[in-house]
Amino acid sequence: MKPLLAAGLLFMALCAPPALSANPATLYDTHCQACHGPGRMGAMAPALLPQSLERLRPAEVESVIRNGRPATQMAGFAGTLSDEDIRALAGYLAVPPSSLPDWSAADMAASYRLLVDPARLPPRPVHSANPQNLFVVVEAGDHHVTVLGGDRFRPVARFASHFALHGGPKFSPDGRFVYFASRDGWVTQYDLYSLQVVADVRVGLNTRNLAVSSDGRWVLVGNTLPETLVLLDANGLRPVRTLPVRDREGRVSRVSAVYDAPPRKSFVVALKDVPELWEISYDPAAEPIYPGYVHDYKMGEGIAVPGYLNPRVTPLELVLDDFFFDPSYRHVIGASREGRAQVINLDIRRKVAELSLSGMPHLGSGITFVRDGRRYMATPNLKGGLLTVVDMESWQTVKDIVLPGAGFFLRSHENTPYAWADAMMSPRKDTLALIDKRTLEVARTLTLRPGKTNAHVEFTRDGRYALVSIMETPGELVVVDATTLREVAALPMMKPIGKYNVFNKVTRSEGTSH
């Protein structure tokens, strides 16, 4: 099987002629276009659009052009391009093209690859690891994925991924398949039984994230370029339908986030540019949708749209950047980047409460837990170094817990009394805070590798061990006994940015993201 998309930013021919001009468009055409495609849209190498590269600092882009990327086909050009040309080329990549590129159904079809017939896959795992306690570890340093056994903490497989996987992988309901979305629009289906890629398709030029339906039939992908939702058959990733993302006035919007709501048999989608929340039912018996105003639904007035696989729109007062479900999936807790937050009831399709969440809450990393018979949610703040705890019955803020610094991830498990929060976006990036869910206090802090980024905790299926990413290149995956807090194992990896336990994901553990 050929490797997936060669990881790297700027793979160019080793024998390229010396640059004669610092004109960045000429530099790109001469050195980059053969692999990264006309218009920077990507080809055998990733797209080089600002949306695809936004996680890289300008100095990092220059470094990759100059020095290449280890363990990839990306060669360094320090001996071919001058420093001036390298700076000019890096600046050129940071500016959007004069005309926004599109990605059509024909482009999608041309990119599609079915590498293994799903009907020919083995009925049982070909490895001896516990399939329900596997971890999928995303390594950003060299764009690979490691499949790790969670019983003995031994790698089962490692394979090349597309550039910049984003939004977290999602699993089929039985945990057999895992689906990845890359920042530049590629979606991949991987079989955790036979340890091989099943299918691959590019659904856009910049992708936000994807969700898998609870019946295992569908994958829905949200794009920011072009502004679409793409529905794929989960068994082989063949494109089924593309939905343009437009509000009732025809205004175009990017997608902020898409998640599955299993009890509702639907996907829920937040939009980045218009104040609407969409719910797309995959229940064939879904009630029809009346997009306009009607006098009496029972009389069937107005022109109905089938409720199956079409968006049911909830108008909002603000644009949601991210959101979170309550355990019943009746309520969406959503927040804007400015810190405004609301609770929306999906049954009656309107706001039912305002939330007091300061700064920039990261609801996609929120957790829930029970304390004294009441259900609470907790979410980190990307700006303020706080952990906000909210009562999910009264929707009142119970406490803002001060953390060592601003962090990104919060994780817990039903079998541990602690919620683990990182401070990776602050000078205390090497510090983890363990918050006691019973007292709502920081019980202790933990530094596994001083001076390095300690982040993104995930637990084994029984909650006995916590796995922590040391997000460096090279980095490590450190295994910690969740009771004694002693290190029990460390595995070298290339900037592991996230790891995801099959059982915790498919059972929708209250301590992990969904």
Side-chain angles (χ1 to χ4, degrees), residues 41 100-114 118 166-167 169-173 177 179-182 184-189 198-248 250-262 264-274 276-292 303-314 346:
M41 291 173 58
L100 283 180
D102 192 16
W103 194 252
S104 67
D107 294 322
M108 208 179 302
S111 74
Y112 179 75
R113 296 185 298 172
L114 183 66
H166 181 60
K170 299 298 191 296
F171 296 88
S172 60
F177 299 109
Y179 301 86
F180 301 94
S182 74
D184 57 353
W186 285 93
V187 177
T188 303
Q189 179 184 3
V198 176
D200 209 29
V201 64
R202 192 178 189 188
V203 300
L205 299 174
N206 190 252
T207 291
R208 178 60 179 164
N209 71 330
L210 62 78
V212 180
S213 64
S214 60
D215 60 5
R217 184 176 179 184
W218 305 109
V219 173
L220 186 66
V221 188
N223 289 325
T224 57
L225 184 66
E227 297 87 350
T228 56
L229 288 160
V230 179
L231 186 71
L232 305 171
D233 186 328
N235 190 29
L237 296 184
R238 289 197 180 276
V240 175
R241 179 181 299 184
T242 298
L243 296 173
V245 181
R246 300 176 182 271
D247 69 1
R248 294 180 180 184
R251 292 177 295 182
V252 175
S253 176
R254 297 165 291 172
V255 174
S256 290
V258 51
Y259 297 115
D260 179 50
R264 307 180 67 83
K265 299 180 181 179
S266 66
F267 296 109
V268 179
V269 183
L271 307 185
K272 200 173 188 68
D273 303 304
V274 299
E276 291 185 352
L277 190 71
W278 287 13
E279 184 171 14
I280 300 175
S281 177
Y282 49 81
D283 183 355
E287 295 290 329
I289 298 168
Y290 292 87
I303 300 175
V305 175
Y308 181 55
L309 301 181
N310 281 308
R312 189 182 301 271
V313 177
T314 298
L346 290 172

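Computed from a prediction, not measured in an experiment: that's the story for all the values here.
Heavy atoms only, all atoms of each residue included: Ser111 and Arg202 are closest at OG-N, 2.9 Å. Looking at every heavy atom in both residues, Pro226 comes nearest to Gly204 through CD-CA, 4.1 Å. Between Pro173 and Ser214, the shortest heavy-atom distance links the atoms CG-O, 3.2 Å. Residues Val268 and Ala261 share a closest heavy-atom pair of CG2-CB, 4.2 Å. Here the shortest heavy-atom pairing between Gln189 and Asn235 reads OE1-C, 4.1 Å. Summarising the geometry of Leu114 relative to Pro118, their closest heavy-atom pair is CD1-CD, 4.1 Å, with the distance given to 0.1 Å.
Shown are Leu243, Leu229, Val245; of these, the side chain to side chain contact (heavy atoms under 4.5 Å, CB included) with Val269 is made only by Leu229. With Tyr282 as reference, Phe267 is the one residue of Tyr308, Trp218, Phe267 to meet the ring-ring contact (aromatic ring centres under 6.0 Å, His included) rule. Checked against Leu220 for a side chain to side chain contact (heavy atoms under 4.5 Å, CB included), the options Leu232, Val255, Asn209, Leu231 give a single hit: Leu231. No option in Thr224, Asn223, Thr228 other than Asn223 meets the side-chain hydrogen bond (donor to acceptor under 3.5 Å, both in side chains) test with Thr207.
Put simply, the side chain of Phe171 does not reach to within 4.5 Å of the side chain of Val212, judged on heavy atoms. No side-chain heavy atom of Asp273 sits under 4.5 Å from any side-chain heavy atom of Val252. When side chains are defined from C-beta on, Ser253 does not count as touching Asp247, because their heavy atoms never get closer than 4.5 Å.
At least one donor-acceptor pair closer than 3.5 Å links the side chain of Arg312 to the backbone N or O of Glu287. Proximity of a side-chain donor or acceptor of Glu227 to a complementary backbone N or O of Arg246 within less than 3.5 Å is not detected. Remark: side-chain polar atoms of Trp278 are not paired, donor with acceptor, to backbone N or O of Leu271 under 3.5 angstrom. Checked by atom type and distance alone, the side chain of Ser256 pairs as donor or acceptor with a backbone atom of Lys272 at under 3.5 Å.
Residues Asp283 and Ser281 have side chains that never bring a donor and an acceptor to within less than 3.5 angstrom of each other.
Within the model, atoms OG of Ser182 and CG of Leu210 stand 10.0 Å from one another, a figure rounded to the nearest 0.5 Å. For the atom pair Arg251 CZ and Glu276 CD, the distance stands at 7.5 Å (nearest 0.5 Å). How far OG1 of Thr314 is from CD of Glu279: 7.5 Å, rounded to the nearest 0.5 Å. Note that CG of Asn206 is 8.0 Å distant from CG of Asp184, once rounded to the nearest 0.5 Å. Of the inter-residue distances, the one linking Ser213 atom OG with Ile280 atom CD1 reads 12.0 Å to the nearest 0.5 angstrom. Taking CG from Leu237 and CE from Met108, the interatomic distance works out to 12.0 Å, rounded to the nearest 0.5 Å.
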> Between Leu346 and Leu277, does a side chain to side chain contact (heavy atoms under 4.5 Å, CB included) hold up when you go through it step by step?
Replying inline: CA-CA 9 Å; Leu346 290 172; Leu277 190 71; 3.7 Å; yes

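At a threshold of 4.0 Å, the pair Arg238-Asp233 does not count as salt-bridged, since none of the basic side-chain nitrogens sits closer than that to a carboxylate oxygen.
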